[in-house]
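In the text below, chain A, chain B and the rest are named by the order of the sequence lines, each starting its count at 1. What's counted below: heavy atoms across the whole structure, side chains too, no hydrogens, waters or symmetry copies.
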Amino acid sequence: DQQVKQNSPSLSVQEGRISILNCDYTNSMFDYFLWYKKYPAEGPTFLISISSIKDKNEDGRFTVFLNKSAKHLSLHIVPSQPGDSAVYFCAASSFQGAQKLVFGQGTRLTINP
Amino acid sequence: KAGVTQTPRYLIKTRGQQVTLSCSPISGHRSVSWYQQTPGQGLQFLFEYFSETQRNKGNFPGRFSGRQFSNSRSEMNVSTLELGDSALYLCASSLTDRARTGELFFGEGSRLTVL
């Protein structure tokens, strides 16, 4: 039962262009969504989050969009830089289990020079 | 400040054995969560502890257990190891149990290989 899905296992983008990573969820109880970034041999690091009362949150080059009716969120990275090459995980939580994150399978982003 | 520290970083066990993994959270953090990462299943929630109490548990068999000590350090134990338990076990800490920033700080993980 995959409650959070990242349907693209990998994505390749040219440096300077926009990277768009997508995530879908099925559980209507989720009200908080997060993106984590993971380099090899390191633990995931928090990138950006969004509450279900918003539809957009921006932090520098990173913007997360939430479409509650479609149960879909996306992460935009503009402009993409080589250091952005990593695996990106989408995660969701509900108030009841605030610290229990349900993760997607991850998308490996490669930024080409 | 020091990050989340997990030990050991790598270990190899055989089927039927048991293993104990340790996690020291960031100083001052009282919530510790454990996740299992495998290529097939991704990152899956194991359990979460706050003030020595287990607050949430994922869908794992009873062979997986954990505890938290008064200094917030945590251990997880897997008994009667199976080949499928081979995974990266990640520990994460946060300041409170209701951190709706959702900002968990992860350690580098303990990579367990079961032969």
*Asks:* Between B/Gln37 and A/Phe89, which heavy-atom pair has the shortest distance, and what is it?
*Replies:*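 Nearest heavy atoms, B/Gln37 then A/Phe89: NE2-CZ, 3.6 Å.
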*Asks:* Does A/Arg17 have more than 12 heavy atoms from other residues, nucleotides or ligands lying within 6.0 Å of its CZ?
*Replies:*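 Result for CZ/A/Arg17: open.
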*Asks:* Answer yes or no: does atom CZ of A/Arg61 have more than 12 heavy-atom neighbours from other residues, nucleotides or ligands under 6.0 Å?
*Replies:*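 Buried by this count: over 12 neighbours within 6.0 Å.
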*Asks:* In terms of heavy-atom proximity below 4.5 Å to chain A, should B/Phe105 be classed as side chain, backbone, both, or neither?
*Replies:*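 Contact with chain A involves no heavy atom of B/Phe105 at all.
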*Asks:* Check which hydrophobic residues are tied to B/Tyr10 through side-chain heavy-atom contacts below 4.5 Å, counting indirect links as well, and list them.
*Replies:*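 When side chains under 4.5 Å apart are linked, B/Tyr10 ends up in no cluster with other residues.
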*Asks:* Output the rest of the hydrophobic cluster of A/Ile20: all Ile, Leu, Val, Met, Phe, Trp and Tyr residues reachable through side-chain heavy-atom contacts under 4.5 Å, sorted by chain and number.
*Replies:*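 Members other than A/Ile20 - counting any ILVMFWY side chain reachable under 4.5 Å - are A/Ile18, A/Val78.
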*Asks:* Run through the side-chain heavy atoms of Ile, Leu, Val, Met, Phe, Trp and Tyr, join any pair under 4.5 Å, and report what else lands in B/Leu115's cluster.
*Replies:*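 B/Leu115 shares its hydrophobic cluster with B/Ile12.
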*Asks:* With clusters defined by side-chain heavy atoms of hydrophobic residues (ILVMFWY) lying less than 4.5 Å apart, directly or transitively, does B/Phe106 cluster with B/Leu46?
*Replies:*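 Per the 4.5 Å side-chain linkage, B/Leu46 and B/Phe106 are not co-clustered.
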*Asks:* Do other residues, nucleotides or ligands put more than 12 heavy atoms under 6.0 Å from the NZ atom of A/Lys5?
*Replies:*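 Check fails, neighbour count at 12 or below.
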*Asks:* For chain A, which residues from residues 77-92 of chain B lie under 4.5 Å away (heavy-atom distances)?
*Replies:*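 B/Leu88, B/Leu90 fall under the 4.5 Å cut-off.
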*Asks:* Could you check whether B/Phe45 and A/Phe103 have their ring centres less than 6.0 Å apart?
*Replies:*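 Here the rings of B/Phe45 and A/Phe103 have centres that are no less than 6.0 Å from each other.
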*Asks:* In terms of heavy-atom proximity below 4.5 Å to chain A, should B/Arg111 be classed as side chain, backbone, both, or neither?
*Replies:*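 For B/Arg111, there is no contact with chain A at all, as no heavy atom is under 4.5 Å.
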*Asks:* Side chain, backbone, both or neither: which part of B/Gln44 has a heavy atom under 4.5 Å from chain A?
*Replies:*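 When you check distances to chain A, no heavy atom of B/Gln44 falls under 4.5 Å.
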*Asks:* Take a 6.0 Å sphere around CG of B/Asn59 and say whether it holds more than 12 heavy atoms from other residues, nucleotides or ligands.
*Replies:*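 Not buried by this count: 12 neighbours or fewer within 6.0 Å.
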*Asks:* Are side-chain heavy atoms of A/Tyr36 and B/Leu43 found at a separation under 4.5 Å?
*Replies:*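 Answer no - side chains too far apart.
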